[in-house]
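Worth saying up front: this structure is predicted, and the values here are computed from it rather than measured. Note that the numbering runs from 1 along the sequence shown for the chain. Counting starts at 1 for both ligands and their atoms, in listed order.
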Amino acid sequence: MKKAALVVMISGNGSNLQAIIDAVQAGSLAAEIKAVVSNTREAYGLERARLAGIHTLIKPKRKEQDRAQYDAELAEIVKAFQPDFIILAGWMRILTMSFISAFPNRIINLHPALPGTFPGVNAIERAWQSYQNNEIKHTGIMVHLVPDEGVDLGPVLAQKIVEINPQDTLEDLEKRVHLCEHELLVETIHKKILDLEEFHA
Ligand code: GRF
């Protein structure tokens, strides 16, 4: 069976990358991770990729480079792998159009909150705090396409509510959110792969 080509972009721990690796290895995701790209050398996800025998690339932004220039170079690197999808799994840089326009409808981002809520960093912590302040009853996660430079914005592919319990510590909530993310991200990539026309040829 044909396999979809994925490039996974990370900046940190890479537990979502691990979920994708596990699904590929288990045969439940018809995909091949062509490369894992990190903007930082310190990302533990790089180690996860190496352990799985996946090609890794480290592309830090140089101080003198502007964002558009960096993103254009990044796009060239990623293009070489001819990805069907680019998965932003904890990629902590906001991408400009010089990257995004190279991959229309192919960039998928994961956000640890519901659509329209807590965009940007520390989303889980901000949700937990809002719950303590009685501002929200639950939080959630979403997987969405990245059509432009909007942060954690774009056509929603999947979303799921994550409950918060009164006795939850921030760490409890983080764990629950991440477990849900691992499942929903893999499930959503699976659906997108099934939607690819060449898989029906
Ligand atoms: C996830 O919570 C993701 O939603 C957010 O960054 C986190 C990455 O976690 N964008 P990990 O590196 O996959 O463990």
Original post:
Judging by distance only, is a nitrogen or oxygen of L110 under 3.5 angstrom from one on ligand 1?
Top reply: yes

Original post:
If you count the non-hydrogen atoms of other residues, nucleotides and ligands that lie under 6.0 Å from NZ in K2, is the total more than 12?
Top reply: yes

Original post:
Looking at D152, D71, V151, which hits side chain to side chain contact (heavy atoms under 4.5 Å, CB included) with I94?
Top reply: V151

Subject >> Between E181 and H178: side-chain donor-acceptor atoms closer than 3.5 Å >> reply: yes

**OP:** Could you tell me how the ring of W91 sits relative to the ring of Y70: parallel (under 30°), tilted (30 to 60°) or perpendicular (over 60°)?
**Re:** parallel

Original post:
What protein heavy atom is closest to atom 6 (O) of ligand 1, reported as residue, atom name and distance in Å?
Top reply: G90 CA, 3.5 Å

Original post:
Among protein heavy atoms, which sits nearest to atom 5 (C) of ligand 1, and what does the distance come to when rounded to 0.1 Å?
Top reply: P112 CD, 4.0 Å

Original post:
Heavy atom of G45 under 4.0 Å from ligand 1?
Top reply: no

Subject >> atom 3 (C) of ligand 1: nearest protein contact (heavy atom, Å) >> reply: E181 OE2, 3.3 Å

Subject >> Test item, Q18 contacting ligand 1 (heavy atom, 4.0 angstrom) >> reply: no

Original post:
Between A123 and F118, which heavy-atom pair has the shortest distance, and what is it?
Top reply: CB-O, 3.4 Å

**OP:** Write out the residue and atom name of the closest protein heavy atom to atom 12 (O) of ligand 1, then the distance separating them to 0.1 Å.
**Re:** G14 N, 2.7 Å

Original post:
Are the charged groups of K192 and D84 less than 4.0 angstrom apart, N to O?
Top reply: no

Original post:
Looking at atom 14 (O) of ligand 1, what's its closest protein heavy atom, distance included?
Top reply: S15 OG, 2.6 Å

Original post:
Got the closest protein heavy atom to atom 9 (O) of ligand 1, with its distance?
Top reply: N16 ND2, 3.6 Å

Original post:
With side chains defined as the heavy atoms from C-beta onward, is the minimum distance between L185 and I189 less than 4.5 Å?
Top reply: yes

Subject >> Numbered atoms and elements of ligand 1 in range of N13, under 4.0 angstrom, heavy atoms >> reply: 12 (O), 14 (O)

